[in-house]
Amino acid sequence: MRAHHLGPAALLLPLALSLAGCGGASRAQGAGGGTGSGTDGKGSLTLNVGDQKGGSEALLRAAGELDDLPYKIKWSTFTSGPPLLEAVNAGAVDVGAVGNTPPVFAAAAKSKIKVVAATHSRSDGEAILVRKGSPLRRPAQLKGKTIAVAQGSSAHYQLIAQLKKVGLTPKDVTLSYLQPADALAAFTRGKVDAWAVWDPYTSQALDRAGARVLATGQGVVNGLGFQVAAPAALDDEKKSAALKDYTGRLRRAQHWVFTHPDDFAKAWAKETGLPRKAALDAVRRTRGTAVAVAVDKPAIASEQRIVDAFAAQRLIPRSFRFGGFVDPRFNGDLPPSSTAPHTYGKAH
C-alpha cells in the first residue's frame, strides 16, 4: 500500500514507535544493526552514549563531528528519556540527552545522575494539539476534557503549566497517560479531546493528522534540554576528558544545524522516516533554535520550579534540591541559560 493511501494514524505510527522523544518509560532498542547500535571513532577508550532516535548521533553525523573521534562512541538507542536515565543510573550508559523533565523524575528516585550540559531552545514545538474541527479555542476550555500526555515527559510539565496559567489543575481535567503511538491513535479517533506533545510529533501531526495548535510552550516552559552523565564516568579522568570533548562537539553540531536547517532536515528525515516538510518544520520550530548554554543558577532554579510543581501534585514521591544533581565542570565560557534561542523568524 502506498503511503498517500494511508490514514493519518498509520502515517505517524512508524515515527511514534521509533521516536518517543523525552516521554515516559520504555526500553532500550536491541542492537540489531542500523543507526543507534553501532560504534564510531577509534582508540582504547569507549564512551557509552545513550541516544534517542534522530537525536545526538543524527546531529553529530550530519555536522561531520564523528569523522575524527580520538575515542570510540558506542551508541545505545532508547525510545525515551526515563529509560535512558535508568541506564545512566545503572552505569550502562556514560552520558545521554534528555528533555527538561526526565531528570526531575530520575533525581526524585535518587538515581545516580549528574546534569553536565544544557541547551536553550524555543518552545513552539511543545504544544497542546486539538483536531481541526474541535470547538476548543483556548486552554481554559480544557476543563472537564480528556488530554493525552506521556507521563513524566516535558509535555507533562508543559500541560501542568498551561493549566495553572488559566487557573486550572490536573484535577480539573482527565489525564490519559499514553506514549506517542497510543496517544496518536486516541487523538485521531476522537478518544481524547487534546494531546500534549513535543516536536517532531507536533510538526508531523499538524502536517498529516488534521491537528491544530491550541497552545504552545513558548513563554510557559523553560526550553531547556540536558546532557546527563554517570557520576562514575565523571570521576574517571579519561572518560571525563572524553565527555568534555563530546559536549564540545555537540555545541558545534548544534550551531551547524541552525545554519544548515535544510541539510539537517534531509538527514533527519532519512534516518527517522519523518516526512521532509515535517522535519524541516520541526527544525525551524525547535531543533535548530537550540543554543548551548551554561548549567547555571537560573537554570537550576528553573528546574527546581518543575520539581516543586510535580511534588505539589504528588506526581513525584518527594521534593528535593535539584542543584545536588548538577555538575557544572563543562560550563567554561558558555553563555548564561537565559541566552535567547536562535530564531528563523516567524515560527512555522
Student: Just distance, no hydrogens or angles: give the donor-acceptor pairs under 3.5 Å from side chains in residues 229-237, sequence neighbours left out.
Tutor:
residue: D236; atom: OD1; partner: K238; partner atom: N; Å: 3.0
residue: D236; atom: OD1; partner: K239; partner atom: N; Å: 3.0

Student: Do I160 and L315 touch side chain to side chain, with heavy atoms closer than 4.5 Å?
Tutor: yes
Student: Would you find a donor on one side and an acceptor on the other, under 3.5 Å apart, between the side chain of D263 and the backbone of H260?
Tutor: no
Student: Check whether L84 and F325 end up in the same hydrophobic cluster, where Ile, Leu, Val, Met, Phe, Trp and Tyr are linked by side-chain heavy atoms less than 4.5 Å apart.
Tutor: yes
Student: Can you tell me if R285 uses its side chain to pair, donor with acceptor, with the backbone of P200 under 3.5 Å?
Tutor: no
Student: Donor-acceptor pair, T174 side chain versus T146 backbone, under 3.5 Å?
Tutor: no
Student: Are R276 and W268 close enough that some pair of their side-chain heavy atoms sits under 4.5 Å apart?
Tutor: no
Student: Quick one: closest heavy-atom pair of V115 and P103, and the distance?
Tutor: CG2-CB, 4.4 Å
Student: Does a side-chain heavy-atom distance below 4.5 Å link R284 with S203?
Tutor: no
Student: Does Y344 reach the main-chain N or O of F258 with its side chain, forming a donor-acceptor pair under 3.5 Å?
Tutor: yes
Student: Between CG of D182 and OG of S176, what distance do you get to the nearest 0.5 Å?
Tutor: 9.0 Å
Student: So K114 and Q227, do their side chains get closer than 4.5 Å, heavy atoms only?
Tutor: no
Student: Of all the heavy-atom pairs spanning I147 and A196, show the shortest one and how long it is.
Tutor: CG2-N, 4.2 Å
Student: Just to verify, what does H156 make a ring-ring contact (aromatic ring centres under 6.0 Å, His included) with, not counting sequence neighbours?
Tutor: Y177, F310
Student: Restricting to non-hydrogen atoms, name the atom on A211 and the atom on L206 that form the minimum distance, rounded to 0.1 Å.
Tutor: O-CD2, 3.3 Å
Student: Can you give me every donor-acceptor pair (side chain of residues 128-135, partner residue at least two apart or in another chain, under 3.5 Å) with its distance?
Tutor:
residue: R131; atom: NH1; partner: F187; partner atom: O; Å: 3.1
residue: R131; atom: NH1; partner: V192; partner atom: O; Å: 2.9
residue: S134; atom: OG; partner: L136; partner atom: N; Å: 3.1

Student: Using modelled atom types only, decide if a donor and an acceptor are shared between the side chain of K277 and the backbone of Q204 within a distance under 3.5 Å.
Tutor: no
Student: Where is the tightest heavy-atom contact between G167 and D172, given as atom of each residue plus distance?
Tutor: O-OD2, 4.4 Å
Student: Suppose we screen for side-chain hydrogen bond (donor to acceptor under 3.5 Å, both in side chains). Which residues come up paired with D193, at least two apart in sequence or across chains?
Tutor: none
Student: For the aromatic rings, using the six-membered ring if either is Trp, is the centroid distance between Y71 and Y246 under 6.0 Å?
Tutor: no
Student: Do L250 and L60 touch side chain to side chain, with heavy atoms closer than 4.5 Å?
Tutor: yes
Student: If you measure from NZ on K145 to CG on L168, what distance do you get to the nearest 0.5 Å?
Tutor: 12.5 Å
Student: Is there a path of hydrophobic side-chain contacts, each under 4.5 Å between heavy atoms of I/L/V/M/F/W/Y residues, joining F226 to I300?
Tutor: yes
Student: So, are D262 and K266 salt-bridged, with charged N and O less than 4.0 Å apart?
Tutor: no
Student: Mind checking the CG-CD spacing from L178 to Q151? Nearest 0.5 Å is all I need.
Tutor: 10.5 Å
Student: Let me confirm one number: the CD1-CG distance from I306 to N100, rounded to the nearest 0.5 Å.
Tutor: 4.0 Å
Student: Nearest 0.5 Å, please: how far is CG in L274 from CZ in R208?
Tutor: 9.5 Å
Student: List the atom of T339, the atom of V293, and the distance in Å for their closest heavy-atom pair.
Tutor: CB-CG1, 4.1 Å
Student: Picking from S338, S337, S302, what satisfies side chain to side chain donor-acceptor pair (under 3.5 Å) with D296?
Tutor: S337
Student: With the threshold set at 4.0 Å, does a side-chain nitrogen-carboxylate oxygen contact exist between R61 and D40?
Tutor: yes
Student: Find out if a path of hydrophobic residues (ILVMFWY) with successive side-chain heavy-atom gaps under 4.5 Å connects L214 to L159.
Tutor: yes
Student: In Å, rounded to the nearest 0.5 Å, how long is the span from NZ of K112 to NZ of K110?
Tutor: 12.5 Å
Student: Can you see which heavy atom on D51 is nearest to which on E57, and at what distance?
Tutor: OD2-N, 3.0 Å
Student: Taking it one step at a time, do T39 and W75 satisfy side chain to side chain contact (heavy atoms under 4.5 Å, CB included)?
Tutor: CA-CA 6 Å; T39 301; W75 300 99; over 6 Å; no
Student: Give a yes or no on this: more than 12 heavy atoms of other residues, nucleotides or ligands lie within 6.0 Å of atom CZ of R252.
Tutor: yes
Student: Membership question, hydrophobic clusters at under 4.5 Å side-chain separation (ILVMFWY): are V95 and L69 in the same one?
Tutor: yes
Student: Taking the six-membered ring for Trp, are F320 and F322 parallel (under 30°), tilted (30 to 60°) or perpendicular (over 60°)?
Tutor: tilted
Student: Using side chain to side chain contact (heavy atoms under 4.5 Å, CB included), reason through L59 and V257 one step at a time and then give a plain yes or no.
Tutor: CA-CA 8 Å; L59 195 73; V257 169; 3.2 Å; yes
Student: If a pair satisfies salt bridge (Lys or Arg N to Asp or Glu O under 4.0 Å) and one of its residues is in residues 299-312, list it, with sequence neighbours excluded.
Tutor: none
Student: Between D68 and R249, is the closest basic N to carboxylate O distance under 4.0 Å?
Tutor: yes
Student: Would you say the side-chain atoms of E86 pair up with the backbone N or O of G81, donor to acceptor, closer than 3.5 Å?
Tutor: no
Student: Within a strict 4.5 Å, meaning less than it, do heavy atoms of the V104 and Y157 side chains meet?
Tutor: no
Student: Is there a side-chain contact between K165 and V220 (heavy atoms, below 4.5 Å)?
Tutor: yes
Student: Which residue in the set D327, N331, V326 passes side-chain contact (heavy atoms from CB on, under 4.5 Å) when paired with R329?
Tutor: D327
Student: Just checking R138: does its CZ atom have more than 12 heavy atoms from other residues, nucleotides or ligands closer to it than 6.0 angstrom?
Tutor: no
Student: List the steps, then state whether side chain to side chain contact (heavy atoms under 4.5 Å, CB included) holds for L47 with L243.
Tutor: CA-CA 8 Å; L47 197 62; L243 285 169; 3.9 Å; yes
Student: When clusters are formed by joining ILVMFWY residues with side-chain heavy atoms under 4.5 Å apart, either directly or through shared neighbours, do V173 and V166 land in the same one?
Tutor: yes
Student: Among S154, S121, S153, find the one that has a side chain to side chain donor-acceptor pair (under 3.5 Å) with E126.
Tutor: S154
Student: Donor-acceptor check, side chain of D94 to backbone of N48, threshold 3.5 angstrom: yes or no?
Tutor: yes
Student: Is T343 close to T289 at the side-chain level, that is, under 4.5 Å between some pair of heavy atoms?
Tutor: no
Student: When you look at L280 and F264, which way does the side chain to side chain contact (heavy atoms under 4.5 Å, CB included) test go after all the steps?
Tutor: CA-CA 8 Å; L280 184 57; F264 181 64; over 6 Å; no
Student: Checking S111 now: which residues fulfil side chain to side chain contact (heavy atoms under 4.5 Å, CB included) with it, not counting sequence neighbours?
Tutor: N89, A106, A109, I113
